[in-house]
There are 2 protein chains.
Amino acid sequence: MLSLHQLRCFLTVYELGSLTAAADELGYAQPSISEQVRSLEKSLGVQLFRRVGRGVVPTTVADTLRPHAEATIAAAEEARRAVQRVKAFETGTIRFGMFGSARLYVSAGLVTDVLERYPGVRVEIIGLNSSEVMDDLRRGQIEAALIAAPPTSEGLEVLPVARDEMVYVSMDASRTATPVTARRLAEARLVLADTSYRATDSMRTALRKMLHEAGHNPQTRIEVEDVETAIELVGRGLADTVVHQGAAKELVPRLAPGASWTSLRPRQYETFAIVHRVNATLSPAAQLMIELAVQRIRDVAEPL
Amino acid sequence: MLSLHQLRCFLTVYELGSLTAAADELGYAQPSISEQVRSLEKSLGVQLFRRVGRGVVPTTVADTLRPHAEATIAAAEEARRAVQRVKAFETGTIRFGMFGSARLYVSAGLVTDVLERYPGVRVEIIGLNSSEVMDDLRRGQIEAALIAAPPTSEGLEVLPVARDEMVYVSMDASRTATPVTARRLAEARLVLADTSYRATDSMRTALRKMLHEAGHNPQTRIEVEDVETAIELVGRGLADTVVHQGAAKELVPRLAPGASWTSLRPRQYETFAIVHRVNATLSPAAQLMIELAVQRIRDVAEPL
DNA sequence: GTGAAAGCATAGGAACTCCCTTGAGGATCT
DNA sequence: AGATCCTCAAGGGAGTTCCTATGCTTTCAC
């Protein structure tokens, strides 16, 4: 079987024209080199050197082999170097899971933080919705994530880090003058985001529970995919919505100027947490990501 | 110490996403693969896979390593092949790929030329269809080939040398009085050769494109395996066909006397090219083969 | 929930490889 | 002719590789 060691020995012998010299160069005994060369010749089925009196002379086959041997060794070296660079965070890809509206709080800033500190790396932020991200976590596609704390979390370890209140947003100031009760919520014309994940979305779960406890039936008039769209619709006066306060602060001035918001009654919170598989040993990259993400989210939401 | 064996194991595990599957694939026991991967991880000082429930998932470091590992293995393979080529030239067989109808142009004369010059070698002409030959080239079964230039050619170097026009052949002289348009082609009762390779055959690709642009649906009435049969069927008046002009010149007088041919409108060409792996060092025998083949095909087709 | 199946890790032992030391057999140079 | 340098071969110790058997965890189906 062809091996890198054989090729290294071959090249040194080729350059120096002597087994003994090659042995000195590589720090082995001469017979070891002799054996490596012989096994390489046997494995290829050709003679690489003519043993001629004092020293050895490469054959034409050796001439053919040399550049390829060099290329192979170089490729292996490059492989090792590439890995070391990644290890030192000089390059490579860091994957981190994050739920939809979390990107409003932290993602841009987080990415720039990482890029600033490690200019060579590529960062991937994965996932739109918490439940989606959790599936990826269980499958091992993602090492760790920052998501809205889920009610069910089998096989996953959850570390709450902050919470954010859910607020009612409307263009009609009279509707945000006082906290919104379950009854008023049930009567409102609502637009909610994250349509595709209706069943599992944690904010919807919370709302549903609140309405249900008050004896109302949850019904949404408009469903859209992302928070921005929802708030834009509010801005046009077509509906009201319920979003995280952090999202409201960030988006309302831009997308729905003139709109205002208020708490729900009782107040509803969504908890943000770092989540990863139980018993997982986290890579340094993931640990860094977590540290920075936690730092940022605590600036905009209520720390726990 | 980094070894080729470790890299091979790593790649197989990466592709299959499972140690057990990789062990089956490579013909080892599962613990052996496990050990190789672990020793590679230890040698590099990084984790390459996360062991996650059923199966393993590559880390981002593994993503980084993969292309380098592939390059290294490929370089080693190329080294071995280079040596084998030289070796083969001294003792054994020259293999040369050639697409189906090219043998009508050059094969017999080419082989006698080569045998005359190198009495010791054995010559094999391989392949019926261009796409088939290309697979053999990528796999390294064939050193070089003369084929119809392919649209896609990853990993292969293509040198166009000549082109030949595609012509419409029929027993009915009225149908070959004027160049055949896409519309007439769509209405014709056609027989086409190379059935087995329907999807990838380059002549069919060209025809399909021509018909499609004119808004017609390509449909063939009769499918046969080789050009000779197709032209014989034309000779019996059962259908018309489209073949290379070179093939028509060679075969129509013999197999379909009385048939005539004309151009398509717009004219369609197929380009012949010499193809080999990129960065391959060609053996003297292959170089001779190429030289002679090019010389011969330029006698019968239009040189480029 | 519970049992079965799948998959990785670990342990222990046989076979092999790697590399050393020692000594023999030839070229080359003086 | 003899000294010197080099390759080659044999034997033995250390380390690897690869196997079988087994244990543990996760996943899937009923």
Side-chain angles (χ1 to χ4, degrees), chain A residues 1-44 47-59 62 134-143 152-157 275-281, chain B residues 1-44 46-59 62:
Chain A
M1 208 58 227
L2 205 71
S3 82
L4 291 174
H5 189 204
Q6 288 172 342
L7 293 180
R8 252 186 295 266
C9 292
F10 162 77
L11 283 177
T12 312
V13 173
Y14 186 102
E15 276 171 32
L16 302 178
S18 149
L19 297 191
T20 308
D24 285 349
E25 173 78 19
L26 296 174
Y28 293 120
Q30 172 271 317
S32 304
I33 304 298
S34 179
E35 184 177 343
Q36 290 300 325
V37 171
R38 212 172 327 116
S39 75
L40 179 58
E41 288 179 327
K42 188 181 164 196
S43 142
L44 294 173
Q47 188 178 9
L48 293 172
F49 297 100
R50 278 199 312 282
R51 278 67 172 174
V52 42
R54 184 168 296 197
V56 293
V57 176
T59 63
M134 275 169 57
D135 285 346
D136 279 353
L137 276 169
R138 287 214 188 75
R139 268 186 244 118
Q141 307 278 358
I142 303 177
E143 207 176 343
T152 66
S153 58
E154 290 159 33
L156 297 180
E157 202 166 316
V275 182
H276 56 78
R277 293 172 63 92
V278 290
N279 301 328
T281 40
Chain B
M1 204 58 227
L2 204 72
S3 84
L4 291 175
H5 188 202
Q6 288 172 341
L7 294 180
R8 251 186 296 267
C9 291
F10 162 75
L11 284 177
T12 311
V13 172
Y14 186 101
E15 276 170 33
L16 301 179
S18 150
L19 297 190
T20 307
D24 284 350
E25 173 79 19
L26 296 174
Y28 292 115
Q30 172 265 318
S32 304
I33 305 297
S34 180
E35 185 175 345
Q36 291 300 325
V37 171
R38 211 168 331 115
S39 75
L40 179 60
E41 287 179 329
K42 188 181 163 195
S43 143
L44 294 173
V46 296
Q47 188 178 9
L48 293 172
F49 297 97
R50 278 198 300 284
R51 278 67 171 174
V52 39
R54 187 167 291 197
V56 293
V57 177
T59 63

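Both backbone and side-chain heavy atoms feed into the values below; hydrogens, waters and symmetry mates do not. So that the names make sense, note that chain A is the first sequence line, chain B the second, and so on, each numbered from 1.
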Pairs of donor and acceptor atoms involving the side chains of residues 9-22 of chain B, under 3.5 Å and at least two apart or interchain, shall be tabulated with distances.
from, atom 1, to, atom 2, distance (Å)
T12(B), OG1, R8(B), O, 2.9
Y14(B), OH, D63(B), OD1, 2.6
S18(B), OG, T20(B), N, 3.2
S18(B), OG, A21(B), N, 2.9

Would you list the protein and nucleotides 14-18 of chain D atom pairs, both N or O, that sit under 3.5 Å from each other?
from, atom 1, to, atom 2, distance (Å)
dC18(D), OP2, Q36(B), NE2, 3.1

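- Residues meeting the salt bridge (charged side-chain N to carboxylate O under 4.0 Å, His left out) test with E41(A), sequence neighbours left out: R51(A).
- Minimum interatomic distance between L4(B) and L2(A) (heavy atoms only, all atoms of both residues): CD1-O, 3.8 Å.
- Dashed line: the shortest gap from a side-chain N or O of S18(B) to OP1 or OP2 of dC8(C) is under 4.0 Å.
- As a whole-Å value, the separation of I33(A) CD1 from dC20(C) C1' is 12 Å.
- Summarising the geometry of F49(B) relative to V37(B), their closest heavy-atom pair is CD1-CG1, 3.8 Å, with the distance given to 0.1 Å.
- As a whole-Å value, the separation of R50(B) CZ from dA9(C) P is 14 Å.
- The CZ-P distance, from F49(A) to dC6(D), rounds to 16 Å in whole Å.
- Axis deviation across the helix from dG1(C)-dC30(D) to dT30(C)-dA1(D) amounts to 30°, comparing end segments of five pairs, rounded to 10 degrees.
- Judged as a side-chain hydrogen bond (donor to acceptor under 3.5 Å, both in side chains), and not counting sequence neighbours, S3(A) has no contacts.
- Here the C1' atom of nucleotide dG7(C) and the CG atom of L16(B) are 14 Å apart, to the nearest Å.
- At whole-Å resolution of the value, CG in D24(B) and P in dC19(D) are 11 Å apart.
- For the pair T20(A) and dC5(D), the criterion of a side-chain N or O lying under 4.0 Å from OP1 or OP2 is not met.
- Legend: residues meeting side-chain hydrogen bond (donor to acceptor under 3.5 Å, both in side chains) with Q6(B), ordered by chain and number and at least two apart, are S39(B).
- Within 4.0 Å (heavy atoms only), G27(A) reaches sugar-phosphate atoms of the nucleic acid but no base atom.
- Applying the side chain to side chain contact (heavy atoms under 4.5 Å, CB included) criterion to V46(B), with sequence neighbours excluded, gives V83(A), K87(A), L44(B), L48(B), V61(B).
- Taking 4.0 angstrom as the limit, S34(A) places a side-chain polar atom (N or O) nearer than this to OP1 or OP2 of dC8(D).
- Residues forming a side-chain hydrogen bond (donor to acceptor under 3.5 Å, both in side chains) with Q30(B) (at least two apart in sequence, or on another chain): none.
- Atom CD in Q30(A) sits roughly 13 Å away from atom P in dC19(C) (whole-Å rounding).
- Rounded to whole Å, the distance from CZ on R38(A) to C1' on dA10(D) is 11 Å.
- Rounded to a whole Å, the CG atom of L19(B) is 14 Å from the C1' atom of dT25(D).
- For the side-chain hydrogen bond (donor to acceptor under 3.5 Å, both in side chains) test, no residue two or more places apart in sequence or in another chain qualifies with S32(A).
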